[in-house]
Engineer: 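Sending over a structure as structure tokens; questions will come in a sec.
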Amino acid sequence: MGLKLSRPPQLFPGDIVEYPRNKYFSHFAVYYGERDGVPYVAHLTSRDSDSKLPLFGRALRSEVKLDPLELLGRKYKVNNMLDDSFSARDFHGVVKPAIDDLMGREVTFDILFHNSEHQATLLRYGVKKSEQIETIYEHIMPAWKKLFEEKKL
């Protein structure tokens with residue numbers, strides 16, 4: 001009847017997995033591999049922080065969690081966005097130990113410049129880059145700056 005079953009792309013350890021959230025933002029994770037036959041991804045979980053950052057006025061507390069792929073859903077795409085510019089780092093020698101070291105460690109960060117896309121690209125390539133932030137940054141910064149100055153953020 002013209003219906004096709006869509007299968008998510010095949011994942012390899014170290015791949016960046018993108019979960020679209022809305023037309024501006026996606027949530028990013030790094031494919032960790034299988035444990036006991038269950039595929040896992042490493043991703044940031046965030047919540048409000050007690051601290052505020054002077055320039056942008058917003059900070060989040062976060063930690064890297066390892067969750068089954070199914071928990072975040074099957075609607076994802078592989079987004080190794082910097083493969084043309086940077087080579088991926090060795091997963092078993094560099095990325096996996098870095099993920100293991102980060103798990104459970106709380107981090108406070110600037111919501112704009114240290115988001116899940118940054119974390120994923122940092123783990124895969126060793127560089128921080130956020131393509132989605134660059135497209136809307138010019139609109140976010142002035143809005144946050146005013147709210148922060150008026151102590152409403």
Engineer: Let me confirm one number: the CG-CD distance from L69 to E34, rounded to the nearest 0.5 Å.
Structural biologist: 9.5 Å
Engineer: Please tell me whether Y76 and Y31 are part of a single hydrophobic cluster in this structure, the criterion being side-chain heavy atoms less than 4.5 Å apart.
Structural biologist: yes
Engineer: Determine, step by step, whether D48 and L60 satisfy the side-chain contact (heavy atoms from CB on, under 4.5 Å) criterion, reporting the C-alpha distance in whole Å, the side-chain angles of both residues, the deciding distance to 0.1 Å, and the verdict.
Structural biologist: CA-CA 5 Å; D48 283 329; L60 293 178; 3.6 Å; yes
Engineer: For residues L102 and Q119, determine if any side-chain heavy atom of one lies less than 4.5 Å from a side-chain heavy atom of the other.
Structural biologist: yes
Engineer: Could you tell me if the side chain of V30 sits less than 4.5 Å from the side chain of V17, heavy atoms only?
Structural biologist: no
Engineer: Working to the nearest 0.5 angstrom, can you tell me the gap between L66 CG and D100 CG?
Structural biologist: 7.5 Å
Engineer: Show your working on side-chain contact (heavy atoms from CB on, under 4.5 Å) between V127 and F86 and close with a plain yes or no.
Structural biologist: CA-CA 9 Å; V127 297; F86 300 92; 3.7 Å; yes
Engineer: Could you tell me which non-hydrogen atom of V41 sits nearest to which non-hydrogen atom of A29, and how far apart they are?
Structural biologist: CB-CB, 3.9 Å
Engineer: Atom NZ of K128 and atom NE2 of H118: how far apart are they, to the nearest 0.5 Å?
Structural biologist: 7.5 Å
Engineer: Is the backbone of F28 close enough, under 3.5 Å, to the side chain of S116 for a donor and an acceptor to pair up by distance?
Structural biologist: yes
Engineer: Can you find a heavy atom in the side chain of K75 that is under 4.5 Å from one in the side chain of E18?
Structural biologist: no
Engineer: Going from CG on D50 to CZ on R61, what distance comes out if it is rounded to the nearest 0.5 angstrom?
Structural biologist: 5.0 Å
Engineer: Check whether L123 and V78 end up in the same hydrophobic cluster, where Ile, Leu, Val, Met, Phe, Trp and Tyr are linked by side-chain heavy atoms less than 4.5 Å apart.
Structural biologist: no
Engineer: Quick one, D15 with N79, criterion side-chain contact (heavy atoms from CB on, under 4.5 Å). Give me CA distance, side-chain angles, the key distance, then yes/no.
Structural biologist: CA-CA 7 Å; D15 278 347; N79 191 347; over 6 Å; no
Engineer: Check step by step if side-chain hydrogen bond (donor to acceptor under 3.5 Å, both in side chains) holds for D67 and Y32.
Structural biologist: CA-CA 9 Å; D67 282 317; Y32 188 83; over 6 Å; no
Engineer: Going only through I, L, V, M, F, W and Y residues with side-chain contacts under 4.5 Å, is there a path from V38 to F12?
Structural biologist: no
Engineer: Are any non-hydrogen side-chain atoms of L82 and I16 less than 4.5 angstrom apart?
Structural biologist: no
Engineer: Please report the shortest heavy-atom distance between R124 and G14, naming the atom on each side.
Structural biologist: NH1-O, 2.9 Å
Engineer: Restricting to non-hydrogen atoms, name the atom on E117 and the atom on M81 that form the minimum distance, rounded to 0.1 Å.
Structural biologist: OE2-CE, 3.6 Å
Engineer: Looking at every non-hydrogen atom in both residues, tell me the closest pair between P97 and F91 and how far apart they are.
Structural biologist: CD-O, 3.9 Å
Engineer: For the residue pair H43 and H27, does the interplanar ring angle fall in the parallel (under 30°), tilted (30 to 60°) or perpendicular (over 60°) class?
Structural biologist: perpendicular
Engineer: Evaluate side-chain contact (heavy atoms from CB on, under 4.5 Å) for T45 paired with V64, printing each intermediate quantity in order.
Structural biologist: CA-CA 6 Å; T45 59; V64 173; over 6 Å; no
Engineer: Okay, side chain of R89, backbone of L122: is any donor-acceptor separation there less than 3.5 Å?
Structural biologist: yes
Engineer: Side-chain donor-acceptor pair under 3.5 Å between N80 and Y125, yes or no?
Structural biologist: no
